[in-house]
Amino acid sequence: MPAVMQNQAHAKLLEPLNLGFTTLKNRVIMGSMHTGLEEEPPEKLAAFFARRAQGDVGLMITGGFATSETAVLWPGAGRMTSEQDAIRHRTVTDAVHAAGGKIAIQLLHAGRQAYNVNMVSASAKQSPIFPFTPRELTPAEIEQEIDGFANAAAYAKMAGYDGVEVMGSEGYLLNQFLTERGNERTDEWGGTFEKRMRFPLEVVRRIRAKVGAEFIIVYRMSMLDLVPDGQSLEETLLLARELEKAGVTILNTGIGWHEAKIPTIATQVPRGAFTWATRKIKEVVSIPVAASNRLNMPGDAERVLQNGDADMIAMARPFLADPDWVLKTKEGRVDEINTCIGCNQACLDHTFGGKRCSCLVNPQACHETELVFVKTTTKKKVAVVGAGPAGMSFSLTAAQRGHAVTLFDEAKEIGGQFNIAKQVPGKEEFHETIRYFNTMLKKEGVNLQLGKRVSADDLKDFDEVVLATGIIPNVPSLQGVDHPKVMGYLDVLKHGKPVGQRVAIVGGGGIGVDTAEFLTHHGVEQSPSTSIEDFCEFWGIDREQKARGGIAGVKANPEKATRQITILQRKPKKIAGPGKTTGWIHRAALEAKGVRLLSGVEYIGVEDAGLRIRTPDGAEHLLEVDNVIVCAGQHPNRELEEAVLALGKPVHIIGGAFKAAELDAKEAINQGARLAATV
Ligand code: FAD
Ligand code: NAP
Ligand code: SF4
C-alpha cells in the first residue's frame, strides 16, 4: 500500500498531540518496562532508548526508578534520589533528544510489592506474592515519601527528562493506599476513599509544585484492579477527576495488580481486551487518556482511537520486538513490523528470573551495544537448510549483512514448528512472526527454495552451510507404545488425525500443555481467546464493574471441555508449561476446563482398555482412554550432518538440530541471529 494511503489508515494514531507547552509527534507512548539495563552503565540504557527514539515513537517512559530508600523493588534497584543520579541520567536524555525523541522517567514506590526487608506500606499487610510483611508508615514518614516523589521529579527535570510517570497501578504503594486491601488506617490517610486518595493526590500536587507547569506528568492509573477489595468504579472515576485537577498531563492505563489471578498481558489475552475500562475514564476527564495491554499492531491501535476508547496508545513490549514500529507504520510498511507475540519468554520471564530482558523475536533488544550487525566485506554464498525460527532468523540477518542466502525447506511454507504452534488456541500471534519473516526474507532477497527436501548434493556449490533442520519427536520406550490408540503430537496438531473423547497425554511440557489446550477447544463452540466478551466471562471479569476490583464474585461458569483429558509426567513438580510468568495461566485455564494434571506418575504400559500407571502413593490405576498422545520431548534432526560434513566446507548447526532438549523458539532465533552476526 502506498505510504500516503497507509498514513490515512492510521491517521489518528499518527496525529501529533499538542499538550499546550509541548507537542508529541504522535499518539504512541512506549510504556514503562524494567529491562535490567537500569542498573547497568547508563550508556546501555541510552543506546536502548536512542534506538527507539530513532523509530519515531511519540513519548517513551523508562522502567521504574525508586523515589526513596524504602521505595526500592530490591536493595540494588535503580533510584532517582540525588544530584548524582540526575547527572548519570543525562547520558540517557541527551541520547534520546539527539535522536529527536521525548522521554519521561517512571517514579516508582514499590511499597509492599518488593524484595526488601525494609519495605513500608499504608498498613502492615503482606502481599500474597511477596515474602515480607511491610512496616506501617507513620504520618511523618508519609510526608517524607510524598516529598520523595516531588524531589525525584525535580532531579528528573535536572537530568533533562521531558516528564515523569507516577506509577499508580499494578498494586504498588499508591494502590496500597487507595484500597482497603492495602490500607486499614484510621488517621488522615485512611478510613474513607477521600482520605485513602490523599496520598496519590498529594504526590501529584507536590510534583507539579516542584516542576512547574511546563513538564509532563503522566499518571499510570489502575483502571481495573482485578483483586478482591480493589477500587470500585465510582472511586476510580473520582480519582481520575481529582488527578486531573491536581495537575496530571496524561492518564495512562494500568490493568490488574501483580497479585491478580487473571491474565492481563499474556498472549492468551485478546488484543485490546481492556480498552473498555479506559473508555470509562476518558469520558470523565478532559486530559488525554492512553489505552494499553495487548495492543501490538497499528490497525487495532487505530481502531481503539477511532472508537473513542482512548486518545493515545501505550505499548511496551512491541518496542522490544520492533524499535521501528511507529516509523514502519508511518511509512506504510506495516507488513515489516516484527510483532510482539505476547509470549513473555524473553522479557517478563527474564525480569522475574533476575536476568536482563530481551525479546524472543528480536534478540538485539536490550543488547544494542553488544549484538551488532555490520555489513560484510566478504560476500558469501550460504545455504540454510530448514526455514524454522532458527533458519529464518539466520537467513534474514545474514542477508541484511550482505550475504547471498538460499533458504531451503521441505515444507511448502516457511515457519517450521511455528506452523504447528500457531493453531493452538491462544497462540494465534505466531502467524505474525511467520508473516514478518515472509515479508522480510523476500525484501532482503533471500532465495527461498520451498517444497524441497535437501540432500548433501544440493549444497555443493555454496561457501558455507547452515543446518537448521529442527527436531524429531521422541518415542518413549513405553510398553505398548505401538498400540493403535497411541499417537504422536504431530498426528494431532499437524496431520489432523481424529482423536477420541477420553485422552491421556504422556508428557507435561510446553507441547503436552498446548496439545491439551488444542483438544479442549477442538469441537467447543467458543474459546476464551476468541473474543473479549468470552475472555472476560471465562476469567470472571466484571465489565460493568459492579463488584470492587472489577472481578465477579463467583468465577463465571467456565466451559468444560468436551473431552476428558489427563496430562501426565513422571517428575513430581507441577505441570504448567515452561513459562515462569505464564505457567499459572495454563494451569488455571486447564483446571477450569476439567483437565486432570497428574505429576510423579510411573507408566506401566498401554493396553486395549487404556493407559496403566502407578501414582506416587504406589497405587496402580488404569486410565480408560481412547487415545494416548505422546508429547515426550524431542531429539535433534541431524540426518544430513555426516554427508554435509563430507563436502569439506564450513558447516554450522543451530536450533533444535543443534540441541533439542530445552530448545525453544527464543533460543532458536537467538542462535540464528548470533551466528549470522559472525559469518
Ligand atoms: P523447526 O521449527 O523444527 O524447523 C526445522 C525445519 O527444517 C522444518 O521446517 C523442516 O521442514 C526443515 N527440514 C528438516 N530437514 C530438512 C531437509 N532435509 N530439507 C529441507 N528442509 C528440512 N517455542 C517457544 O519458544 N514458545 C512457544 O510457545 C512454543 N510453542 C510451541 C508449540 C508447539 C505445538 C510446538 C510443536 C512447538 C512450540 N515451540 C515453542 C517450540 C518451537 O517451535 C521450536 O523450538 C522451534 O520451532 C525450533 O526451531 P528450529 O528452527 O530449530 O526448528
Ligand atoms: P519438554 O518441555 O522437554 O517436555 C517433555 C515432556 O515429556 C516432559 O513433561 C517430560 O516429563 C516428558 N518425557 C520426556 N521423556 C520422556 C519419556 N521417555 N517417557 C515419557 N515422558 C517423557 O519438551 P516439549 O514439551 O516437547 O517442548 C519442546 C520445546 O518447545 C521446549 O523447549 C519447550 O520449552 C518449547 N515449548 C514452549 C512452549 C511455551 O509456551 N513457552 C510451548 C511449547 C513448547 P517427565 O520426564 O517428567 O515424564
Ligand atoms: Fe513480546 Fe515475547 Fe518479545 Fe516479550 S519476548 S517482547 S512478549 S515477543
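Whatever order the structure lists them in is the order used to number ligands and atoms, beginning at 1.
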Considering distance alone, does some N or O of Arg570 sit under 3.5 Å from an N or O of ligand 2? yes
For atom 1 (Fe) of ligand 3, state how many protein N, O or S atoms fall inside a distance shorter than 2.8 Å. 1
Look at ligand 1 and say whether Cys343 reaches it with a heavy atom at a distance under 4.0 Å. no
Any protein heavy atom nearer than 4.0 Å to atom 49 (O) of ligand 1: yes
To which protein heavy atom is [atom] closest, and what is the distance rounded to 0.1 Å?
| atom | result |
| --- | --- |
| atom 3 (O) of ligand 2 | Gly633 CA, 4.7 Å |
| atom 12 (C) of ligand 2 | Gly507 CA, 3.9 Å |
| atom 29 (C) of ligand 2 | Leu663 O, 3.2 Å |
| atom 37 (C) of ligand 2 | Pro578 CG, 3.6 Å |

Evaluating non-hydrogen atoms only, which member of Ser599, Ala668, Pro476 is closest to atom 19 (N) of ligand 2? Pro476
So which of Lys571, Lys427, Gln569 gets nearest to atom 10 (C) of ligand 2, if we judge by its closest heavy atom? Lys571
Relative to ligand 1, is Glu667 under 4.0 angstrom through side chain, backbone, both or neither, heavy atoms considered? neither
Of the backbone atoms (N, CA, C, O) and the side-chain heavy atoms from C-beta on, which set of Leu663 has a member under 4.0 Å from an atom of ligand 1: side chain, backbone, both, or neither? both
